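Here is the structure we will look at.
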Amino acid sequence: MSDTAPPGPGDELRADCARCVGLCCVAPAFAASSDFAVDKPAGRPCPNLGDDFRCGIHRDLRARGFAGCTVFDCFGAGQRVAQVTFGGRDWRTTPGEATRMFDVFAVLRPLHELLWYLTQAAALTGPGPLRVELDAALAQTRRLAAGTPDQVLAVDVDAHRGRVNPLLVRVSEQVRGERAGADRRGAVLVAADLRRADLVGANLRGAVLLGADLRGVDLTLADLTGVDLRGADLRGADLRGALFVHQSQVDAARGDHRSGLPAALTRPAHWSLPVVAARRRSAGPAGRGRRR
């Protein structure tokens, strides 16, 4: 979305870095690891953050050792903090408010994530008592997120999440219905070979699939709430009908042109290209490729 484009439906839950002030590059702490090339304490700007609040190595984050930055999603909390909660002020020009701004961001980010899940759940739920409860939870979460800095800081996010999660579980159970599959909530399946696993309709909420092999697996109606898909191999996997899967999850995984994604998600740029396309790209402009 351009800097001047008016917000559209759902944009409140989509990160818009052009309207933020680099909060995710300053507020959280980084620990040197496979995800981050440097240590960075909370509240200190990343060395790659420019004066314009843009990342100086954005196009090369993975190659430069900052893969963790490519999969972070604030669900639109960044621009809310900058443009709404603090009325366009930023932590550089108003350093006295920097700490409070970072603390507010730490609360609004999980609230916006809950808004995203509730919005997805509402879209899956028809008229009835459950939809009424979902709409009420959405309205309450929006009120909490729309507060003043002091009001936001007073929010007990864990308690609110504890009230919302049972609703999301009920939606999942209702949608999966008779097609509900294996219950693998919270399962630790690091580097597991799941190519032959039947995961249609599976409950995978909170499962750790770090580096798991899911090539060709059908994940239709699988509940992927909070699933850790970092490094998971999704080549040829079908996630088109998966429940509660968001962009940062697929960004953290590996995939290819055969991987099926929900219509609202974008195929990550680092996923492998079809063999034909890769050959064409390596050959360069038409007529300049190697002759046979």
Side-chain angles (χ1 to χ4, degrees), residues 14-15 17 20 22-50 53-75 77-78 102 105-106 109-110 112-113 116 184-195 197 199 204-217 219 222 224-237 239 242 244-259 261 265-273 278 281:
R14 185 180 298 116
C17 297
C20 186
L23 290 173
C24 66
C25 305
V26 187
F30 301 163
S33 63
S34 59
D35 288 328
F36 298 103
V38 298
D39 283 317
K40 186 194 81 63
R44 179 182 298 176
C46 171
N48 299 308
L49 184 66
F53 299 116
R54 300 296 184 94
C55 175
I57 62 169
H58 180 71
R59 294 181 179 275
D60 303 307
L61 281 167
R62 289 182 178 275
R64 299 282 289 272
F66 288 87
C69 297
T70 68
V71 300
F72 178 81
D73 193 341
C74 74
F75 295 93
F102 302 153
F105 178 67
R109 193 270 172 191
H112 267 236
E113 183 177 19
W116 184 88
R184 299 199 176 189
R185 283 174 293 182
V188 178
L189 299 167
V190 176
D193 185 347
L194 300 173
R195 287 176 293 173
L199 296 180
L204 293 167
R205 291 175 63 89
V208 180
L209 302 183
L210 182 70
D213 191 343
L214 291 157
R215 284 177 291 172
V217 173
L219 290 164
L224 300 183
T225 302
V227 173
D228 187 347
L229 288 173
R230 287 177 296 165
D233 194 340
L234 298 177
R235 286 177 292 174
L239 288 80
F244 302 119
V245 56
H246 55 74
Q247 187 67 49
S248 62
Q249 286 175 298
V250 299
D251 285 345
R254 294 181 291 150
D256 61 11
H257 66 288
R258 299 168 300 145
S259 306
L261 294 178
L265 302 187
T266 301
R267 194 173 304 275
H270 68 277
W271 281 17
S272 57
L273 295 168
R281 177 170 291 185

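As the structure is a computational prediction, the values presented were derived from the model and not from experiment.
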| request: Could you tell me whether the side chain of Arg62 reaches within less than 4.5 Å of the side chain of Val71, counting heavy atoms only? | output: yes
| query | With a 4.5 Å heavy-atom cut-off, do Leu229 and Leu214 have their side chains touching? | reply | yes
| query | Under 3.5 Å, side chain of Gln247 to main-chain N/O of Thr266, donor-acceptor pair present? | reply | yes
| said: A side-chain contact here means heavy atoms from C-beta on lying under 4.5 Å apart; do Leu224 and Leu239 qualify? | reply: yes
| query | Quick one: do the Asp251 and Ser248 side chains pair a donor with an acceptor below 3.5 Å? | reply | no
| Parallel, tilted or perpendicular: ring planes of Phe72 versus Phe105, cut at 30 and 60 degrees | tilted
| query | What distance do Asp233 atom CG and Leu194 atom CG have between them, rounded to the nearest 0.5 Å? | reply | 11.0 Å
| task | Indicate yes or no: at least one non-hydrogen side-chain atom of Arg109 is less than 4.5 angstrom from one of Leu23. | result | no
| message | Does His270 have more than 12 heavy atoms from other residues, nucleotides or ligands lying within 6.0 Å of its NE2? | response | yes
| Parallel under 30°, tilted from 30 to 60°, perpendicular over 60°: which one fits the rings of Phe30 and Phe36? | parallel
| field | Lys40 side chain vs Pro28 backbone, donor-acceptor pair below 3.5 Å | value | yes
| Minimum side-chain heavy-atom gap Phe244-Gln249 below 4.5 Å | no
| query | Could you state the interatomic distance from SG (Cys74) to NE2 (His112), rounded to the nearest 0.5 Å? | reply | 8.0 Å
| Going by heavy atoms in the side chains, are Cys55 and Leu61 under 4.5 Å from each other? | yes
| query | Any sub-3.5 Å donor-acceptor pair from Trp271's side-chain atoms to Arg235's backbone N or O? | reply | no
| query | Taking the side chain from Asp39 and the backbone from Ala32, do they hold a donor-acceptor pair closer than 3.5 Å? | reply | yes
| Around atom CZ of Arg215, are there more than 12 heavy atoms of other residues, nucleotides or ligands at under 6.0 Å? | yes
| Would Arg267 and Ser259 count as having a side-chain donor-acceptor pair, cut-off 3.5 Å? | no
| field | Test item: Asp256 side-chain N/O and Gly236 main-chain N/O as donor-acceptor pair under 3.5 Å | value | yes
